[in-house]
Amino acid sequence: EIRLSLVGSEMCIRDSFCIAIWLHMIPEFVVFTIVFMLLRTYAGGLHLNRFGACFLCSVSVQTLILVINSKFTFPVICSWICIVVGLSMVWMLAPVENINRELDQNEKEHCKKVTEKTISGILVFAIFCTLGRFLEMVSLVAMTVLLVLISQCIGVLKFKIEKNVYSRE
């Protein structure tokens, strides 16, 4: 299962990178991928049940975020509100569990600590982007944080529903 997940992640990154090259958005791809993967790895979020659905959703959503951010960037104050509020909520929800991989207390504490460090790094990066006037990147970070937050909310709902279904059986 882990091997399949790694191969799937590599395929998703490879295909998303090819799309980013085609869109001339390599720096944006790198920022999105790093922020998204660092947050999702330890904060958790939605896990789809089939590889094809996961792959299609991941590549589509990443491409959509890159295109939206290229056409519409949040004003810097909106970006920062999204980043601060979004990261606070991501931290509160972390870690989101999956029915296929429930966490024990030590794992939950570890994920929470790593999420805190990741959030600190994202905030530092966003500060440097703001000071350097890379406001499109600040907007991209905000959109990525919101995407992770939405993924977490859906993941929490999916976990509760699946846990309910499996407990009835």
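Sequential numbering from 1 along the given sequence is applied to the chain's residues. Any value given below was found using the heavy atoms of this structure, including those in side chains, with hydrogens, waters and symmetry copies removed.
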Side chain to side chain contact (heavy atoms under 4.5 Å, CB included), that's the test. Do I13 and M37 meet it? Break it down for me.
CA-CA 10 Å; I13 291 169; M37 287 181 71; 3.7 Å; yes
Please say whether more than 12 non-hydrogen atoms of neighbouring residues, nucleotides or ligands are located less than 6.0 Å from CH2 in W91.
no
Group every Ile, Leu, Val, Met, Phe, Trp and Tyr by side-chain heavy-atom contacts under 4.5 Å, then state whether L56 and W22 land in the same group.
no
From F32 CZ over to L140 CG, what is the distance, rounded to the nearest 0.5 angstrom?
7.5 Å
Can we say E97 and K163 salt-bridge, meaning some charged N sits less than 4.0 Å from an Asp/Glu carboxylate O?
no
Transitive ILVMFWY side-chain link V35 to V61, under 4.5 Å
yes
Residues in side-chain contact (heavy atoms from CB on, under 4.5 Å) with F134, at least two apart?
C129, M137
Heavy-atom nearest pair, F159 first then I99, reads CD1-N, 3.5 Å
Can any side-chain N or O of Q152 pair as donor or acceptor with the backbone N or O of A43 at less than 3.5 Å?
yes
For N69 against S139, the heavy-atom pair lying closest together:
OD1-OG, 2.8 Å
Point-to-point distance, once rounded to the nearest 0.5 Å, from CD of E10 to CG of D15:
12.0 Å
Of all heavy-atom pairs between H24 and E28, which one has the smallest distance, and what is that distance?
O-OE1, 4.5 Å
Which atom names give the shortest non-hydrogen contact between L66 and M25, and what distance separates them?
O-CE, 3.1 Å
For the side chain of E109 and the backbone of N106, is there at least one donor-acceptor N/O pair under 3.5 Å apart?
no
Common cluster, V124/I81, ILVMFWY with side-chain heavy-atom separation under 4.5 Å:
no
V59 vs I19, test: side chain to side chain contact (heavy atoms under 4.5 Å, CB included). Steps then yes/no.
CA-CA 9 Å; V59 173; I19 292 170; 3.6 Å; yes
Should K108 and K112 count as side-chain neighbours, where that means a heavy-atom distance under 4.5 Å?
no
Over 60° means perpendicular and under 30° means parallel, so tell me whether F72 and F74 are parallel, tilted or perpendicular.
perpendicular
Is there a path from M92 to Y42 through hydrophobic residues (I, L, V, M, F, W, Y) whose side chains come within less than 4.5 Å of each other?
no
Spacing of C82 atom SG and L149 atom CG [to the nearest 0.5 Å]:
10.0 Å
Check ring pair (Phe, Tyr, Trp, His ring centres under 6.0 Å) between F29 and all other residues, then give those that pass, not counting sequence neighbours.
F17
Distance (rounded to the nearest 0.5 Å) between L147 CG and L39 CG
10.0 Å
Hey, does M11 have a side-chain heavy atom less than 4.5 Å from the side chain of R14?
yes
With rounding to the nearest 0.5 Å, note down the distance linking CG in L146 to CE in M89.
9.5 Å
Are L23 and T63 packed together at the side-chain level, in the sense that at least one heavy-atom pair is separated by less than 4.5 angstrom?
yes
Of the non-hydrogen atoms in S151 and R40, which two are nearest, and what is the gap between them?
OG-NE, 3.5 Å
With the side chain counted from C-beta on, respond yes when S16 and T33 share a heavy-atom pair under 4.5 Å apart, and no when they do not.
no
If you group Ile, Leu, Val, Met, Phe, Trp and Tyr whenever their side-chain heavy atoms sit less than 4.5 Å apart, what else falls in with I154?
L46, L48, I150
Linked, directly or transitively: V67 and F36 (ILVMFWY side chains, under 4.5 Å):
yes
Matching residue for L87 among V141, V148, V145 - test: side-chain contact (heavy atoms from CB on, under 4.5 Å):
V145
Could you check whether atom CD1 of I77 has more than 12 heavy atoms from other residues, nucleotides or ligands sitting under 6.0 Å from it?
no
Are V96 and K158 side-chain neighbours, meaning at least one heavy-atom pair lies under 4.5 Å?
no
Which pair of heavy atoms, one from S79 and one from V138, lies closest together, and at what distance?
CB-CG1, 3.6 Å
Nearest-0.5 Å distance that lies between atom CD in Q105 and atom CD in E107:
10.0 Å
